[in-house]
Engineer: 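Attaching a single structure in structure tokens format; questions to follow.
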2 protein chains.
Amino acid sequence: MARFKGQAAYSVDAKGRVAIPAKMRNALTPEAQGTFTLTKGFEKCIYAYPQDGWKVKEDEYSQLNVNNRKARHLIRMILMWAEEVSLDGQGRISLPRSLSDYAGIGERALIIGAMDRIEIWDPEAFEEYLQEQTMDQESLAEEVMGS
Amino acid sequence: MARFKGQAAYSVDAKGRVAIPAKMRNALTPEAQGTFTLTKGFEKCIYAYPQDGWKVKEDEYSQLNVNNRKARHLIRMILMWAEEVSLDGQGRISLPRSLSDYAGIGERALIIGAMDRIEIWDPEAFEEYLQEQTMDQESLAEEVMGS
DNA sequence: GGAAAACTCCCCACTTTTCCCCACTTTCCT
DNA sequence: AGGAAAGTGGGGAAAAGTGGGGAGTTTTCC
């Protein structure tokens with residue numbers, strides 16, 4: 001499965017299209033077939049999962065019990081924002097209005113590789129996000145990963 | 001089996017027809033033969049199962065114990081509202097009055113992909129539903145899916 | 001029992017959106 | 001410096017969405 005890293009800012013054209021950095025495109029496995037599933041991020045951004053990675057997520061959700069109220073709600077919340085998009089001949093995807101509105105994306109978008117997914121941020125929203133994070137990288141690593 | 005995702009609002013015409021989003025139509029397996037079984041949702045909406053998916057549901061219900069009063073009642077409640085509909089040449093289905101009344105659907109309908117089924121909501125009813133749900137997505141995911 | 005009303009199921013026609021392709025500019029690499 | 005790859009912008013064909021007519025069937029009501 002693809003592992004994404006790096007970051008770059010790209011322009012969003014009048015038709016709502018953004019280029020996916022060539023480095024990340026090249027990291028895609030053939031199984032992804034140049035296709036991503038976009039969803040609302042937990043933060044104010046868009047998550048883009050390559051098709052093969054999304055498949056795994058989806059399989060997890062499909063095992064939830066439909067007779068459980070909370071499970072039904074979770075599935076709705078996740079899937080209603082999910083949208084499948086493919087790279088066009090120029091290596092771009094087009095962002096659905098609903099998602100770019102949610103993420104506050106305007107003329108430019110910041111694209112960040114984050115392991116099994118790509119994140120698409122409004123550059124300013126990302127700045128704000130950084131400000132809010134008070135803990136330094138070292139203590140964070142210790143808290144999250146320290147045994 | 002088909003996996004549905006995404007959401008879109010469509011108009012309901014004077015004849016009670018709604019378009020099914022092309023993305024969802026394309027997700028249908030040939031086995032579904034462009035046919036859905038509609039039934040009352042657990043929430044104030046209509047559930048639409050593709051024919052092949054409905055078959056599986058039916059099998060589940062048929063395995064319930066007929067000697068159990070509550071099981072008999074559940075089966076009645078589900079089946080009495082079930083109605084089979086097919087896509088017309090323009091990719092639409094027509095909503096039976098009884099179901100659209102139940103869901104409170106008027107001029108417009110919100111169509112949501114939810115895994116093995118499609119849900120059809122009145123846009124305002126869906127808004128109300130969202131208001132009622134207090135838990136945020138992150139804690140919900142943690143509770144339902146475990147760490 | 002029969003006429004009127006309602007509902008289905010095909011059509012066809014029009015509008016809007018999407019997507020595919022081509023062309024130009026900029027950046028990167030040797 | 002020159003060529004190739006990456007990024008940006010826009011035009012046009014095709015598909016999707018919307019609305020309505022009209023034949024045939026069923027339901028309703030007197």
Side-chain angles (χ1 to χ4, degrees), chain A residues 2 4-28 33-38 46 48 51 82-101 105-113 118 120-123, chain B residues 2 4-28 33-38 46 48 51 81-102 105-113 118 120-123:
Chain A
F4 302 104
K5 53 174 171 283
Q7 53 105 13
Y10 284 85
S11 62
V12 181
D13 69 22
K15 295 183 181 180
R17 298 174 298 190
V18 232
I20 297 298
K23 295 220 173 112
M24 299 186 194
R25 288 204 305 264
N26 296 334
L28 281 176
Q33 297 184 270
T35 301
F36 292 89
T37 294
L38 308 182
I46 301 172
Q51 186 171 265
E83 197 88 38
E84 208 171 286
V85 295
S86 292
L87 292 167
D88 68 12
Q90 280 70 248
R92 296 171 294 193
I93 57 172
S94 65
L95 303 177
R97 277 300 290 279
S98 54
L99 288 173
S100 61
D101 282 354
I105 293 172
E107 303 255 310
R108 294 192 69 76
L110 183 65
I111 301 194
I112 301 179
I118 290 171
I120 307 171
W121 291 75
D122 172 64
Chain B
F4 301 104
K5 55 170 168 280
Q7 50 116 3
Y10 284 85
S11 60
V12 181
D13 68 22
K15 296 181 182 181
R17 298 174 299 188
V18 232
I20 297 297
K23 296 232 173 94
M24 299 185 194
R25 289 203 306 266
N26 296 335
L28 282 175
Q33 297 184 272
T35 301
F36 292 91
T37 295
L38 305 183
I46 301 173
Q51 192 170 48
W81 297 103
E83 194 96 32
E84 206 170 288
V85 296
S86 292
L87 291 167
D88 69 12
Q90 279 72 246
R92 296 171 293 194
I93 57 172
S94 64
L95 303 177
R97 278 302 288 278
S98 55
L99 287 172
S100 61
D101 283 354
Y102 165 71
I105 292 171
E107 302 254 312
R108 294 192 69 77
L110 184 65
I111 301 194
I112 300 179
I118 289 172
I120 307 171
W121 291 75
D122 172 63

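The sequence lines fix the lettering, A, B, ..., with proteins before strands; numbering per chain opens at 1.
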Engineer: What's the CD-C1' distance between A:E84 and C:dT18, to the nearest Å?
Structural biologist: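 Going from CD in A:E84 over to C1' in C:dT18 covers 16 Å.
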Engineer: Can you measure A:I93 atom CD1 to C:dC19 atom C1' for me and round it to whole angstrom units?
Structural biologist: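 Going from A:I93 (CD1) to C:dC19 (C1'), I get 14 Å.
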Engineer: Base, sugar-phosphate or nothing for B:L87? Non-hydrogen atoms, less than 4.0 Å.
Structural biologist: nothing
Engineer: Of B:N26 and A:K15, whose nearest nucleotide on DNA chain D comes first from the 5' end?
Structural biologist: A:K15
Engineer: If I take atom CG in residue A:D13 and atom P in nucleotide C:dT25, what distance separates them, rounded to the nearest angstrom?
Structural biologist: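 Roughly 17 Å, once rounded to whole Å.
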Engineer: Given 3.5 Å as the limit, does a donor-acceptor pair link the side chain of A:T35 with the main chain of A:Q33, or not?
Structural biologist: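 Yes; judged by distance alone, with no hydrogens or angles, the pair exists.
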Engineer: From CD of A:E107 over to P of D:dT8, roughly how many Å is that when rounded to an integer?
Structural biologist: 12 Å
Engineer: Taking only side-chain nitrogens and oxygens of A:S11, does any of them come within less than 4.0 Å of OP1 or OP2 of D:dG9?
Structural biologist: yes
Engineer: Take the protein atom CE of A:M24 and the nucleotide atom C1' of D:dA5, then report the distance between them rounded to whole Å.
Structural biologist: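 It is 17 Å, rounded to the nearest whole Å.
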Engineer: Whole Å only: how far is the CZ atom of B:R92 from the P atom of C:dC9?
Structural biologist: 13 Å
Engineer: Among the nucleotides D:dG20, D:dG7, D:dG17, which one has an atom lying closest to any side-chain atom of A:Y10?
Structural biologist: D:dG7
Engineer: Look at the side-chain N and O atoms of A:R25 and state whether any lies under 4.0 Å from the OP1 or OP2 oxygen of D:dA5.
Structural biologist: no
Engineer: What does A:I20 touch in the nucleic acid at a heavy-atom separation under 4.0 angstrom: a base, only the sugar-phosphate, or nothing?
Structural biologist: sugar-phosphate
Engineer: Is there a donor N/O on one and an acceptor N/O on the other, under 3.5 Å, for the side chain of A:R17 and the base of D:dG7?
Structural biologist: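 Counting by modelled atom types and ignoring angles, no donor-acceptor contact under 3.5 Å is found here.
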Engineer: Using a distance-only criterion (donor-acceptor N/O pair, under 3.5 Å, no hydrogens), is the base of C:dC22 paired with the side chain of A:Q90?
Structural biologist: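 Between C:dC22 and A:Q90, which were checked side chain against base, a qualifying N/O pair under 3.5 Å is present.
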Engineer: Just checking A:R97: base, sugar-phosphate only, or nothing, at a heavy-atom cut-off of under 4.0 Å?
Structural biologist: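 No contact at all - A:R97 keeps every heavy atom at 4.0 Å or more from the nucleic acid.
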Engineer: Kindly compute the distance separating CZ (A:F36) from CD1 (A:I118), expressed to the nearest 0.5 Å.
Structural biologist: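 Result: 4.0 Å between the selected atoms.
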Engineer: Taking NZ from A:K23 and P from C:dT27, how many angstroms apart are they, rounded to a whole number?
Structural biologist: 15 Å
Engineer: Please examine the side chains of A:D122 and A:L110, heavy atoms only from C-beta on, and report whether any two atoms are closer than 4.5 Å.
Structural biologist: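 No, side chains not in contact.
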Engineer: Under 4.0 Å between a side-chain nitrogen and a carboxylate oxygen: does that hold for B:K5 and A:E84?
Structural biologist: yes
Engineer: Toward the 5' end of DNA chain C, which comes first, B:G89 or A:D88, by nearest nucleotide?
Structural biologist: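 Nearer the 5' end of the strand: B:G89.
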Engineer: Assess whether side-chain contact (heavy atoms from CB on, under 4.5 Å) is satisfied between B:I93 and B:L38, documenting all intermediate values.
Structural biologist: CA-CA 10 Å; B:I93 57 172; B:L38 305 183; 4.2 Å; yes
Engineer: Return the nearest nucleotide to the side chain of A:A19; candidates are D:dG7, D:dG9, D:dA16.
Structural biologist: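 Among D:dG7, D:dG9, D:dA16, the one nearest the side chain of A:A19 is D:dG7.
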